[in-house]
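Each remark here refers to the structure printed beneath this line.
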There are 2 protein chains.
Amino acid sequence: MSPTSQPSGPGAPGSPGSPGSDSTTVQDYVKVIYSATEWQDKPVTMSALAARLQVANSSVTEMVRKLVGLGLARHEPYSPVELTPSGLRLALSMVRRHRLLETYLVWELGYGWDEVHDEAELLEHTVSDMLIERMSQRLGHPVRDPHGDPIPAADGTVQQPDAHLIGLLDDGHRGTVARISDANPDLLRYLDSEQLKLDTAVEVVGHKPFGGALTVRVGSDPGREIDLGDESAAAVWVSTVGSHPGCNLEQ
Amino acid sequence: MSPTSQPSGPGAPGSPGSPGSDSTTVQDYVKVIYSATEWQDKPVTMSALAARLQVANSSVTEMVRKLVGLGLARHEPYSPVELTPSGLRLALSMVRRHRLLETYLVWELGYGWDEVHDEAELLEHTVSDMLIERMSQRLGHPVRDPHGDPIPAADGTVQQPDAHLIGLLDDGHRGTVARISDANPDLLRYLDSEQLKLDTAVEVVGHKPFGGALTVRVGSDPGREIDLGDESAAAVWVSTVGSHPGCNLEQ
DNA sequence: TTATAGATTTAGGTATGCCGAAATTTCGCA
DNA sequence: TGCGAAATTTCGGCATACCTAAATCTATAA
């Protein structure tokens with residue numbers, strides 16, 4: 001019933017971080033700028049954005065100019081991009097939507113953790129605040145999604161993990177799985193088949209340097225060992241303290 | 001992550017009626033063409049389409065030309081529009097999505113029947129076939145939505161009501177409520193407050209002609225009577241035989 | 001210190017869908 | 001039968017967001 005591209009209106013500069021009047025594209029750019037700095041805080045370059053968004057560099061230049069105009073980002077020519085507080089609010093709202101959708105699809109509709117990303121990617125732009133809040137309520141207001149990523153609260157608060165998360169590749173020798181990047185569905189399916197889930201105990205038992213595979217013991221059973229390539233290992237983060245709250249179903 | 005306006009691709013002429021590669025706009029036009037003939041089969045005029053879609057007549061001319069190009073509609077200049085079988089499949093698929101979403105929101109997330117229309121209107125373009133089928137399964141494959149409208153099956157079959165539906169205004173003196181247009185949320189809220197639901201027995205007990213209100217007894221209690229204006233009465237359809245299957249929750 | 005590779009921006013162009021205004025066609029009614 | 005109002009189409013334009021190619025800036029390495 002409505003034009004494909006919602007005219008984003010005057011931008012509602014003081015709005016409380018709800019996606020309201022911003023176009024799908026603006027939402028995507030802001031979310032990607034946020035995501036790029038979520039697990040590492042080097043500011044995002046234009047070409048990194050272009051790569052993540054699968055568009056040409058020149059498109060990024062244009063859209064970032066627009067974000068600046070909307071008060072969502074800061075950008076000096078030939079420099080990286082940063083979000084303004086207002087942009088951060090919008091980004092967190094989009095991340096909340098995405099992760100809550102993923103969680104809902106897994107817990108309420110039987111999706112696998114490898115299947116939810118694309119669906120959430122589309123729905124996050126469409127779903128109303130009301131629907132998001134009802135889903136959150138139905139789930140008991142979970143604080144992490146099926147991949148272990150934190151779900152920002154409606155007010156923009158992010159509950160950070162209780163312990164340091166360490167990439168398996170970096171320095172993580174043992175611990176419980178606290179986060180797995182959802183970027184690679186194949187990896188998620190493989191880990192599923194090996195019964196490696198969130199909160200599973202893991203220990204690195206072998207490591208061939210220079211791009212070789214990592215051998216990881218899964219659980220406490222000495223027999224259950226799997227090999228992970230470099231990229232796969234980098235996608236798995238462990239916590240060295242206890243496990244995390246998980247999906248709270250008390251409600 | 002994706003452009004706001006999905007390039008609709010070559011149109012996939014032989015595709016099985018799933019919205020797949022059609023733009024949101026194409027989906028909307030086709031759905032509206034279908035809806036306009038669902039309860040009355042005069043073919044749709046261009047200006048009627050424009051009014052329903054809230055766009056200028058010239059926009060309709062353009063888009064209908066495109067629909068014809070995609071093989072979804074037939075149109076002779078200065079004549080009404082009709083769907084091709086392929087267009088009908090797409091329309092039924094969109095209607096299925098819309099009504100299943102409405103039903104899901106009401107039954108699984110506690111929405112009121114006056115709140116679901118707009119949400120479904122947005123989501124119907126975004127939700128995947130898989131999600132639709134999981135929702136249908138979760139609901140036990142319902143055949144009518146919260147307003148009594150039939151939900152087309154995945155194969156395009158529409159289960160028509162068992163009995164003649166008659167608009168209260170037209171000739172319906174008594175019967176059970178079988179369908180209420182979802183076009184007016186205020187009316188839905190009012191009917192809710194008067195405990196007029198689907199399958200409620202009603203009887204017309206008074207009628208002031210020439211645009212006057214209709215007095216309707218609700219249920220079998222002689223005391224419960226409400227007045228409905230012309231437009232409201234036209235939105236209520238009754239069945240003179242038994243009630244309909246309802247939302248089947250056996251699964 | 002400067003040359004040059006790489007990153008970034010500018011410039012010009014495409015596709016979708018929308019609009020208003022003007023031209024055209026249809027159709028009812030005198 | 002013919003006139004005029006209403007419906008429809010055509011035409012020129014706008015906004016979003018994308019692209020390629022060319023120009024420009026930055027930073028590294030000789």
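Chain A is the first sequence line, chain B the second, and so forth, proteins listed ahead of strands; every chain is numbered from 1.
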* Residue pairs passing the salt bridge (Lys or Arg N to Asp or Glu O under 4.0 Å) test where at least one lies in residues 73-82 of chain A, sequence neighbours excluded -> none
* Looking at side-chain heavy atoms only, is the closest gap between B/Tyr104 and A/Leu109 below 4.5 Å? -> yes
* Describe the nucleic acid contact of A/Ala56 in one word from base, sugar-phosphate, nothing, applying a heavy-atom distance below 4.0 Å. => base
* To do: Just jot down the side-chain hydrogen bond (donor to acceptor under 3.5 Å, both in side chains) partners of A/Thr37, sequence neighbours excluded, or say none.
  => none
* Side-chain N or O of A/Thr25 less than 4.0 angstrom from OP1 or OP2 on D/dA17? -> yes
* How many Å lie between CD on B/Gln54 and C1' on C/dG17, as a whole number? -> 16 Å
* Structure fact -> Here the ring-ring contact (aromatic ring centres under 6.0 Å, His included) pairs for residues 62-87 of chain A, sequence neighbours left out, are none
* **Distance, rounded to the nearest Å, where A/Met63 contributes CE and D/dA15 contributes C1'** => 13 Å
* To do: Tell me, please, which residues at least two apart from A/Asp182 pass side-chain hydrogen bond (donor to acceptor under 3.5 Å, both in side chains).
  => A/His117
* Could you check how far CG of A/Leu49 sits from C1' of C/dT8, rounded to whole Å? => 12 Å
Check nucleotides 8-11 of chain D against the protein and report each pair of N or O atoms closer than 3.5 Å, with its distance, or say if there are none.
unit_1: D/dT8; atom_1: OP2; unit_2: B/Ser47; atom_2: N; d: 2.8
unit_1: D/dT8; atom_1: OP2; unit_2: B/Ser47; atom_2: OG; d: 2.5
unit_1: D/dT8; atom_1: O3'; unit_2: B/Tyr78; atom_2: N; d: 3.4
unit_1: D/dT9; atom_1: OP1; unit_2: B/His75; atom_2: NE2; d: 3.2
unit_1: D/dT9; atom_1: OP1; unit_2: B/Tyr78; atom_2: N; d: 3.2
unit_1: D/dT9; atom_1: OP2; unit_2: B/Thr61; atom_2: OG1; d: 3.1
unit_1: D/dT10; atom_1: OP2; unit_2: B/Arg65; atom_2: NH2; d: 2.8

* **Integer-rounded Å distance: C/dG17 C1' and B/Leu70 CG** => 14 Å
* Structure fact -> Testing C/dC19, C/dT16, D/dA17 for proximity to the side chain of A/Lys66, the answer is D/dA17
* Think A/Tyr29 has a side-chain N or O under 4.0 angstrom from the OP1 or OP2 of D/dC18? -> yes
* Which residues pass the side-chain hydrogen bond (donor to acceptor under 3.5 Å, both in side chains) test with A/Glu119, sequence neighbours left out? -> A/Tyr111, B/Ser128
